[in-house]
Number of protein chains: 2
Amino acid sequence: MVDTLATDVSDARERIKAAASRVFSTKGLDGARMQDIADEARINKAMLHYYFRNKQQLFEMIFEELLTRVFSALEALVADHASFEDRIRAFVSTQITIISEFPAMPLFVLLEARKDPELLSRKFVGKPLDMVRQRFSDMVDREVSSGRIRPVTFDQLFINILSLSVYPVVAEPMIRFVLGMESGAFQSMIENRKTLVADLIIRDLNPFSI
Amino acid sequence: MVDTLATDVSDARERIKAAASRVFSTKGLDGARMQDIADEARINKAMLHYYFRNKQQLFEMIFEELLTRVFSALEALVADHASFEDRIRAFVSTQITIISEFPAMPLFVLLEARKDPELLSRKFVGKPLDMVRQRFSDMVDREVSSGRIRPVTFDQLFINILSLSVYPVVAEPMIRFVLGMESGAFQSMIENRKTLVADLIIRDLNPFSI
DNA sequence: AAGAGTATCAACCATCTGGTTAAACTGTTT
DNA sequence: AAACAGTTTAACCAGATGGTTGATACTCTT
């Protein structure tokens, strides 16, 4: 019981963050009770305030870490030296995987971003967003002008990829209800989409299509 | 001030519902304060409880009316006698229009549906969901077997249409931030999508594509 | 004009919840 | 072993919030 201290310490912090992620993402910022998070992390409620000053700060920490993760997936879209097609395939697959881990996260991120419009800019300071956007934009333009893909605006392409990847995971309850799917069927459907969505996007970019 | 009673009565109810829609959809169920809704409706807080027993019932009323609206758009997808292509175009356009009116609605619908899994089935009783699904499914199968569209599962087609229509509107804050768009640019981008998404879907269904 | 039903309001209340505090416990340093 | 710093806990508190109440006003009917 000597060398466990250090790990215990970070353990508590990490347990809190993991617990907060779960609770926030299912109940939203306002719906989440500090007591819920404490229970989920198996600690005393006062410990939350010991490690994180208050609910808002705890929330912003979770929020920021999530953004960082999503952002790094974005960077993968422009960073490596694979073909355009392979990058899209990788991005779609990564995006679906990340979102599937906490399917309700985009819901509460977007809800909070609507409530507090400054939140995003506050949390994105220091992240090279402009650079990534520029790189992706250039990449698309290059593909277009070389005739490898048909003319598309980078904005709409980006939005299409994101929509097709993220929304189905987020909308699980509605989709399962409307389509009458069991949990297993839904999951394999999502798994299929990792290639299906990329196929659709790439097919759509084919300059000789139709 | 004589004949205004009847209208005032329904007026109060309607004002409350409209106000609750706005407040719920921007702040979520838990984030919305009864006082906020009262202020927004320009009435006394006690009036909320006069017209609606409690917060939950007010919420469920709003929720149900929204579902009904979305559902009737669904029915338009299978009801009229236009061509398959025209129906898809009409559905995409309608869907985007409806969602644009209360862009955060899907967020809180989905968040609440996750918190309370029975909510959807509770609110969908009596609505001919199975019939609509069957009709749409048959329609797709008919198009496929006649060779007018390439083989697709109706599930994935439905999900694709929904994702491409709904998500961009919902994700406005994130999209505008990441792509550096002003409000005006965003709105015209969404407007463009009414045809752009339908084009994409229809192009994708072309059996001779690629 | 009296009565009934409806609508409106200010004040009030019980409870929940985020946050605090002061004390106790743990391992480390001196 | 005593002082020390970091960690954990139970008990507590102030403010916010959903909901209630009892009185008052309005409108229509008779």
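Naming: A, B, ... by sequence-line order, numbering from 1 per chain.
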Got a sec, which pairs hit ring-ring contact (aromatic ring centres under 6.0 Å, His included) with one end in residues 177-204 of chain A, sequence neighbours left out?
A:Phe177-B:Phe124
Measure from the side chain of B:Ala12, starting at C-beta and using heavy atoms only, and say which of D:dT8, C:dT20, C:dT8 lies closest.
C:dT8
Has B:Tyr51 got a side-chain N or O lying under 4.0 Å from the OP1 or OP2 atom of C:dT6?
no
Within this structure, what is the CG-to-C1' distance between B:Asp11 and C:dA7, rounded to whole angstrom?
13 Å
Roughly how many Å is it from CE in B:Met47 to C1' in D:dT24, rounded to a whole number?
14 Å
Would you kindly give the CG-to-P distance between B:Asp39 and D:dT17, to the nearest whole Å?
12 Å
Starting the side chain at C-beta, find the nucleotide from C:dG19, C:dT6, D:dG6 nearest to A:Asn54.
C:dG19
Rounded to the nearest Å, what distance is computed from the NE2 atom of residue A:His49 to the P atom of nucleotide C:dA22?
17 Å
Partners of A:Arg114 by side chain to side chain donor-acceptor pair (under 3.5 Å), sequence neighbours excluded?
none
Among residues at least two apart in sequence or on other chains, which ones pass side chain to side chain donor-acceptor pair (under 3.5 Å) with A:Asn192?
none
Taking side-chain contact (heavy atoms from CB on, under 4.5 Å) as the test, write out the residues that go with A:Met139, two or more places apart.
A:Phe84, A:Arg87, A:Phe136, A:Arg142
Using whole Å, what does the distance between atom P of nucleotide C:dT20 and atom OH of A:Tyr50 come to?
15 Å
Between protein and nucleic acid, restricted to nucleotides 13-17 of chain C and to nitrogen or oxygen atoms under 3.5 Å apart, what atom pairs and distances do you find?
{"from": "C:dT17", "atom 1": "OP1", "to": "A:Arg33", "atom 2": "NH1", "distance (Å)": "2.8"}

Can you tell me the distance, in whole Å, between the CZ atom of A:Arg53 and the P atom of C:dT20?
9 Å
Applying side chain to side chain donor-acceptor pair (under 3.5 Å) to A:Glu60 and not counting sequence neighbours gives A:Gln56, A:Arg122, A:Lys123
In whole angstrom, give the distance that lies between atom CG of A:Leu48 and atom P of D:dT7.
15 Å
side-chain contact (heavy atoms from CB on, under 4.5 Å) between A:Phe158 and A:Val152: does it pass, once the steps are laid out?
CA-CA 10 Å; A:Phe158 180 71; A:Val152 289; over 6 Å; no
Across all chains, not counting sequence neighbours, the salt bridge (charged side-chain N to carboxylate O under 4.0 Å, His left out) partners of A:Lys45 are none
Go through the structure and list residues passing side-chain contact (heavy atoms from CB on, under 4.5 Å) with A:Pro128, not counting sequence neighbours.
A:Phe71, A:Glu75, A:Met131
Sequence neighbours left out, what passes side-chain contact (heavy atoms from CB on, under 4.5 Å) with A:Ala20? Give chain and number order.
A:Phe24, A:Ile37, A:Leu58, A:Ile62
So which protein N/O to nucleotides 10-12 of chain D N/O distances come out below 3.5 Å?
{"from": "D:dA10", "atom 1": "OP2", "to": "A:Asn44", "atom 2": "ND2", "distance (Å)": "3.1"}

Sorted by chain and residue number, the ring pair (Phe, Tyr, Trp, His ring centres under 6.0 Å) partners of B:Phe63 (sequence neighbours excluded) come out as B:Phe59
Shortest non-hydrogen contact from A:Ala38 to A:Leu48?
N-CD1, 4.0 Å
B:Lys27 NZ - D:dA16 P separation (whole Å)
14 Å
Need the bend value for the helix from C:dA1-D:dT30 to C:dT30-D:dA1: angle between end axes, 5 pairs each end, nearest 10°.
10°
